[in-house]
Amino acid sequence: MIDIWQEFLRTFHTQPEVVAQAPGRVNLIGEHIDYSDGFVLPFAIHDVTTVAISRREDSTITLASMQRPKDGFSTNYEMLVPLTGEHWARYPLGVLWALREKLGTRNFQGLNILIDGKVPLGAGLSSSAALECSVAVALNHLFQLGQSLPDLARITQRAENIYVGVPCGIMDQSISLMAEAGCAIMLDCRDLSTEKIPFDIAPEHLELLIIDTQAHHSLVDGGYAERRASCEKAVGILGISSLRDLSVANLYEEGHRLDDLTFRRAKHAVTEMKRVMAAVVALKARNFTELGLLLNQSHASLRDDYTVSCPELDLAVDTALAMGALGARMVGGGFGGSAIALIHRADAPKIREAIATAFTEAHFKSPRFFNSLPSDGAKVIEPAGLK
Ligand code: GLA
């Protein structure tokens with residue numbers, strides 16, 4: 001935190017007026033169902049993106065990153081239109097754009113923005129949501145915009161959908177904003193209501209290992225949109241408002257109206273929704289064996305019916321299970337990124353080693369390992385306390 005303060009002074013020759021942070025996430029279960037109005041069960045990891053902001057006299061928006069010191073960006077409000085290209089500044093600018101779209105121009109003026117992003121990039125741990133949400137929370141505070149956390153989730157999702165051009169659902173932004181330490185959050189993606197589900201595995205000598213496969217397949221963008229389109233197709237043919245409204249029994253009764261591929265995509269969604277509910281029951285009963293089985297079923301469904309896994313994710317999951325994990329599955333959008341494994345803490349060294357060896361033998365990039373307890377969601381850190 002001190003670092004970002006000093007770096008801000010060095011970069012902009014003034015003090016920040018607000019400093020805020022937002023975390024990345026993992027999702028215990030409930031994958032690829034946020035855009036079908038499902039329930040999901042994510043928690044925030046302890047890695048955060050921090051942002052420091054001050055207002056300027058003019059209408060210039062100047063952005064800098066501590067991780068990419070040579071890659072700053074400057075624009076102004078008149079130029080705030082969806083950008084093409086890959087520049088990281090699209091994410092914070094998208095938030096400004098979406099806030100202005102919702103609230104009009106009255107409150108806004110030029111800004112100095114410095115980002116310190118500590119959520120691992122490209123690992124499927126939602127570094128982009130962390131970046132968007134840190135900026136949203138900081139601006140909400142700085143301009144006293146009065147937006148609730150669900151409001152900010154919808155605004156940051158819109159920034160990513162329309163300004164950045166990624167057709168993501170609402171899960172990542174919601175959990176980055178609404179997470180609470182010690183709990184997974186059962187999020188209803190239809191109305192963004194939440195229930196805290198204690199996820200306290202340390203007393204059972206368990207650990208949730210996060211395995212970043214370091215794989216990133218080029219299918220990602222088109223593949224995600226194609227899966228969403230399949231779900232929308234099923235909804236259209238069956239005449240329902242979302243797959244949330246379809247039970248597993250209904251799907252089998254009505255399934256003959258869908259082509260095989262659309263049926264399998266819908267089957268993943270409706271069975272995954274059921275697994276989330278079963279996982280909540282298992283967690284409340286502290287039945288971690290059952291939770292492990294549900295993780296395995298989720299992975300099989302994502303791999304076989306939704307086909308969003310990849311060889312690296314499958315190898316990480318299979319190796320963890322062969323070495324005694326209670327359950328394991330890919331997390332996030334898929335086609336690369338991270339897997340999680342619920343393991344006995346004492347097994348962690350041998351499981352990490354077995355996965356690393358298996359990756360070397362398969363000529364994959366070396367995986368990275370993390371673990372994290374469920375952590376707090378986004379928050380403003382008053383600058384006054386930090387000097
Ligand atoms: C990505 C998206 C989320 C969600 C997951 C899959 O992380 O950003 O909205 O759809 O994939 O569950």
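Order of appearance sets the numbers: ligands from 1, and atoms from 1 within every ligand.
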Is any N or O atom of [X], backbone or side chain, closer than 3.5 Å to an N or O atom of ligand 1?
| X | answer |
| --- | --- |
| Gly169 | yes |
| Gly30 | no |
| Tyr35 | no |
| Glu31 | yes |
| His32 | yes |

Would you say Gln67 and Lys118 are linked by a side-chain donor-acceptor pair, where the criterion is simply a distance under 3.5 Å?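 Distance-only check fails for Lys118 and Gln67.
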Original post:
Which atoms of ligand 1 are found less than 4.0 Å from any heavy atom of Asp172?
Top reply: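 By the 4.0 Å cutoff, the relevant atoms are 1 (C), 2 (C), 3 (C), 7 (O), 8 (O).
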With a cut-off of 4.0 Å, which atoms of ligand 1 are near a heavy atom of Asp34?
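This gives 3 (C), 4 (C), 9 (O), 10 (O) as the contact atoms.
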Query - Passing option when Arg265 is tested against Thr307, Asp260, Asp305 for side-chain hydrogen bond (donor to acceptor under 3.5 Å, both in side chains) - result: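 Result for side-chain hydrogen bond (donor to acceptor under 3.5 Å, both in side chains) with Arg265: Thr307.
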Query - For ligand 1, the portion of Arg25 having any non-hydrogen atom under 4.0 Å away - result: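 Near ligand 1, Arg25 shows its side chain, while the N, CA, C and O stay back.
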Could you tell me whether the side chain of His268 and the main chain of Glu31 form a donor-acceptor pair under 3.5 Å?
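Looks like yes, one N/O pair under 3.5 Å.
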Determine whether a donor-acceptor pair (N or O, by modelled atom type, separation under 3.5 Å) exists between the side chain of Arg264 and the backbone of Asp304.
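Yes, Arg264 side chain to Asp304 backbone: donor-acceptor pair under 3.5 Å.
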* To do: Please lay out, stage by stage, how Tyr224 and His32 fare under the test ring-ring contact (aromatic ring centres under 6.0 Å, His included).
  => CA-CA 9 Å; Tyr224 188 91; His32 276 281; 5.3 Å; yes
- Minimum-distance pair of heavy atoms, taken over all atoms of Ala98 and Ile155: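 Heavy atoms only, the tightest pair is CB-O, 3.4 Å.
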Point to revise | Taking atom 10 (O) of ligand 1 as the reference point, the nearest protein heavy atom with its distance | key: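 For this ligand atom, the closest protein heavy atom is Tyr224 OH, 2.5 Å.
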